[in-house]
Protein chains: 2
Amino acid sequence: MTFGEYIREHREALKSEDRRFSVRQVAQRIGVEPAYLSKIERGDVAPPSEAKIRALAEELGEDPDVLLAMAGKVSTDLQEIIRKRPQLFADLIRQLKSAPDHALLRIARDVRDGDW
Amino acid sequence: MTFGEYIREHREALKSEDRRFSVRQVAQRIGVEPAYLSKIERGDVAPPSEAKIRALAEELGEDPDVLLAMAGKVSTDLQEIIRKRPQLFADLIRQLKSAPDHALLRIARDVRDGDW
DNA sequence: AAATATGTGTAGTATATAGTACACATGACA
DNA sequence: TGTCATGTGTACTATATACTACACATATTT
């Protein structure tokens, strides 16, 4: 499923319960032209900027990181974190590439309970 | 220290021992015009593409991830890894933002010795 | 039936990215 | 001292990114 298809699907779902989720009204709220949002949803143009994707995520109640990923992007705040300690993060992320989900979850939890 | 300054410094250091590290010769080996490399080193233009940065890293014996970071970029292979599991990685990386270096190293080691 | 809202086609724009091509003054060196 | 290499100034260029503006046919609502 492409970024556009995903957006259209979720916007339409909301629209069926609330007509404030038309292309025009959502476009207005996120600050783009309706024709542009229409083209995005149909994959006629590339996904929009990170800022617009975030606005869209907020509007549709979706996870910004997931939408950004579907758009082929990575949040700039994550990039910032990596860029501050490139060797450590690059090494770690490559190690974690093949780790199963539960391992990532466990590490996140361990770190949150921070006992280093 | 900027990207350009860093490149210039390290290229000059190599040049002092081996005159094959002139702007012109390095430029030729990494596949750009000498004037362009000169401008990069003086910060007259933005850092080059990821591909050229990698070639430069190889040429100068530097860590590509570090050079990319100085250029304000994050390796596309790392972005790929994150984009495949955006929620897990976004959460984890944000958790790790404030973790000390030795914690990141320990996690990387634990994962490498993979016992999950 | 009239007014209004909706989605979309076409055309165009501004800015950023990632460079090339050529010329020229200076410096090294044989 | 003539040749060759070096670094750099100026002037372009091609492609990508991120949109806007307007018009129009088709619903939907009043």
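Order of the sequence lines sets the chain letters (A, B, ...), proteins ahead of strands, with each chain counted from 1. Just so it is clear, the structure is predicted and the values come from calculations on it, not from any experiment.
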Provide, to the nearest angstrom, the distance between the [atom1] atom belonging to [X] and the [atom2] atom belonging to [N].
{"X": "B:Lys15", "N": "C:dA28", "atom1": "NZ", "atom2": "P", "answer": "9 Å"}
{"X": "A:Tyr36", "N": "C:dA14", "atom1": "OH", "atom2": "P", "answer": "17 Å"}
{"X": "B:Arg42", "N": "D:dG7", "atom1": "CZ", "atom2": "P", "answer": "11 Å"}
{"X": "A:Gln28", "N": "D:dT20", "atom1": "CD", "atom2": "P", "answer": "12 Å"}
{"X": "A:Ile40", "N": "D:dT20", "atom1": "CD1", "atom2": "C1'", "answer": "12 Å"}
{"X": "A:Arg20", "N": "C:dT4", "atom1": "CZ", "atom2": "C1'", "answer": "19 Å"}
{"X": "B:Ile30", "N": "C:dT20", "atom1": "CD1", "atom2": "P", "answer": "9 Å"}
{"X": "B:Arg24", "N": "D:dA5", "atom1": "CZ", "atom2": "C1'", "answer": "7 Å"}

- [ ] Decide yes or no on side chain to side chain contact (heavy atoms under 4.5 Å, CB included) for A:Glu50 and A:Arg54, but give the supporting numbers first.
- [x] CA-CA 6 Å; A:Glu50 176 167 348; A:Arg54 287 190 180 284; 3.0 Å; yes
Task: Over 12 non-hydrogen atoms of neighbours within 6.0 angstrom of CD in B:Glu12 - done: yes
Open item on the list: Does the structure place the NZ or CZ of A:Arg83 under 6.0 Å from the centre of the six-membered ring of A:Phe89, at an angle of no more than 45° from the ring's axis?
Closed with: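 The answer is no; the distance or angle limit is not met.
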Phosphate-side-chain proximity, [X] and [N], N/O vs OP1/OP2 below 4.0 Å:
{"X": "B:Ser38", "N": "D:dG7", "value": "no"}
{"X": "B:Ser22", "N": "D:dT6", "value": "yes"}
{"X": "B:Ser49", "N": "C:dG19", "value": "yes"}

Open item on the list: When you measure from the side chain of B:Gln25 to the backbone of B:Ser22, do you find a donor-acceptor pair of N or O atoms at a distance under 3.5 Å?
Closed with: no
Open item on the list: To check you understand the geometry: which heavy-atom pair defines the closest contact between A:Val23 and A:Pro34, and what is its length?
Closed with: CG1-O, 3.5 Å
- [ ] Have a look at A:Val32 and say if it touches a base, only the backbone sugar-phosphate, or nothing, with a 4.0 Å heavy-atom cut-off.
- [x] sugar-phosphate
Open item on the list: Does B:Gln25 reach a base, just sugar-phosphate, or nothing at all? Heavy atoms under 4.0 Å.
Closed with: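 Sugar-phosphate, no base atom in range.
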Open item on the list: Is it the case that C:dT10 (base atoms only) and A:Lys39 (side chain only) share a donor and an acceptor within less than 3.5 Å, ignoring hydrogens and angles?
Closed with: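 Indeed, a donor on one side and an acceptor on the other fall under 3.5 Å apart.
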TODO: Mark yes or no for a side-chain to base donor-acceptor pair under 3.5 Å between A:Lys73 and D:dT17, with no hydrogen or angle criteria applied.
DONE: no
Open item on the list: Taking the minimum atom-to-atom distance to the side chain of B:Pro48, which one of D:dT20, C:dG19, C:dT8 wins?
Closed with: C:dG19
